[in-house]
Amino acid sequence: MRLLVTGGAGYVGSHCARALCDAGHEVVVLDDLSAGHEWALDRRARFVRGDIADRALLSRVLDGASFDGVLHFAAFLDVGESVREPLKYYRNNVAGTVTLLEAMRDHGVRRLVFSSTCATYGVPPRVPITEDMPQDPINPYGRTKLAIEWALRDSAAAWGLGACALRYFNAAGAASDGAIGEDHHPESHLIPLVLQVALGQRPHIGIFGDDYPTPDGTCIRDYIHVEDLASIHRIAIESQQAGAFRAFNVGTGVGTSVKEVIDAARSVTGHPIPAVVSPRREGDPPQLFADPSKAQRDLGWQARFADIRDVVESAWRWHRGRPQDGRGS
Ligand code: UFG
């Protein structure tokens with residue numbers, strides 16, 4: 001298939017672009033490099049530097065060849081920033097996606113796989129989370145992703161778009177060969193921060209609250225390996241029919257607490273990783289983990305990395321192996 005990957009220089013997008021190239025697809029990456037990295041680009045893919053909101057550029061890209069589908073990763077993803085600057089998120093995530101959808105409609109591109117998030121559920125009534133639970137996000141980031149899901153449903157009904165929303169839980173880990181991995185600026189995610197402590201780049205990790213109603217008092221998340229995310233994207237785009245909207249939770253089904261992540265990192269790195277309990281971070285639901293059975297049933301997909309130690313181990317290989325000057329390996 002000929003596929004356009006927006007945000008293909010970002011963390012999840014670059015691992016997906018790689019998996020799509022591995023599977024023999026012809027890939028064009030569109031990325032403005034505002035958060036993505038040149039070193040994360042797959043050399044087998046054609047790279048176009050630019051913004052999804054640039055309608056003229058999108059037309060030039062889509063005019064040149066007949067695309068079978070789009071995998072759409074380009075988005076801002078910092079929850080805290082989305083609270084402070086909501087319009088930046090609505091502009092980039094929602095308006096940018098509308099521009100992309102208009103271009104797809106006008107060029108007859110009918111298949112889309114979209115990076116959605118478990119943040120669209122807000123605080124779920126119970127765990128594990130199934131796809132039919134109410135979507136009631138508690139921050140602007142989650143609301144932009146939910147607004148896009150509605151734009152996809154409505155486009156499916158109105159002009160035959162075939163769309164698959166993949167609601168990721170916590171993306172984690174790095175490529176098995178250590179070539180690419182997670183690198184956000186600033187970094188706010190638990191696993192990279194913990195590994196920066198092990199590398200001596202930070203004195204300790206702060207635990208955001210240990211008085212949650214969970215067995216060890218710290219928040220529980222579902223850490224899904226980025227290569228498992230890549231494989232479900234490939235399956236989703238290959239199987240997507242025009243005119244249909246589908247949504248899947250993408251997680252392991254296993255909940256892991258903050259303390260368990262830190263313990264896994266201690267055992268993988270051999271570093272004591274000092275931890276300091278700090279106040280709760282606003283907007284953190286106590287427990288989020290997926291019921292991934294719908295993806296297993298309908299797509300035949302299942303996470304290969306189910307053990308948090310394997311996830312941390314792969315992230316560690318990447319963090320330890322890369323030059324310490326901020327570039328990739
Ligand atoms: N945490 C700490 N200390 C830190 C960083 C994180 O204790 O220094 C905790 C958080 O409180 C949370 C867990 O570790 O309980 C995971 O936090 P992350 O920031 O790594 O990830 P989030 O669960 O906040 O965010 C992820 C995605 C978001 C998405 C969100 C949905 O990264 O894009 O899930 O809830 F919106």
Is it the case that one hydrophobic cluster holds both [X] and [Y], taking links as side-chain heavy atoms less than 4.5 Å apart, direct or via other members?
X    : Y    : value
F73  : Y89  : no
F169 : M133 : yes
Y121 : V79  : no

Can you see which heavy atom on [X] is nearest to which on [Y], and at what distance?
X    : Y    : answer
A275 : R266 : CB-NH2, 3.9 Å
A264 : I308 : CB-CG2, 4.0 Å
G173 : V226 : O-CG1, 3.7 Å
G255 : E260 : O-OE1, 4.1 Å
V94  : A147 : CG2-CB, 4.2 Å

Under 4.0 Å between a side-chain nitrogen and a carboxylate oxygen: does that hold for [X] and [Y]?
X    : Y    : answer
E149 : K145 : no
D291 : R126 : no
D183 : R322 : yes

Kindly check if the number of other-residue, nucleotide or ligand heavy atoms within 6.0 Å of [atom1] ([X]) is above 12?
X    : atom1 : value
R44  : CZ    : yes
R297 : CZ    : yes
R153 : CZ    : yes
Q196 : CD    : yes
E102 : CD    : yes

Would you say [Y] and [X] are linked by a side-chain donor-acceptor pair, where the criterion is simply a distance under 3.5 Å?
X    : Y    : answer
H189 : E187 : yes
Q287 : T214 : no
S66  : R2   : no
R246 : Q240 : yes
E182 : H319 : no
S314 : H225 : yes

For residues H233 and Y168, establish whether the separation of their ring centroids is below 6.0 Å.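 They qualify: ring centres under 6.0 Å apart.
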Return each pair, listed once, that meets salt bridge (Lys or Arg N to Asp or Glu O under 4.0 Å) where at least one residue sits in residues 206-215; pairs must be two or more places apart or across chains.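 Salt bridge (Lys or Arg N to Asp or Glu O under 4.0 Å) check on residues 206-215 returns D211-R280.
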Please work out whether the ring planes of W39 and H37 are parallel, tilted or perpendicular, with thresholds of 30° and 60°.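 Judged by the thresholds at 30° and 60°, the geometry between W39 and H37 is parallel.
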Report yes if the side chains of N249 and P292 come closer than 4.5 Å at any heavy-atom pair, otherwise no.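 When only atoms from C-beta onward are counted, P292 and N249 do not touch, as no gap falls below 4.5 Å.
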Check: residues 58-65 side-chain donor-acceptor pairs under 3.5 Å, at least two apart:
residue : atom : partner : partner atom : Å
S59     : OG   : R55     : O            : 3.3
S59     : OG   : R55     : NH1          : 2.9
D63     : OD1  : H107    : NE2          : 3.0

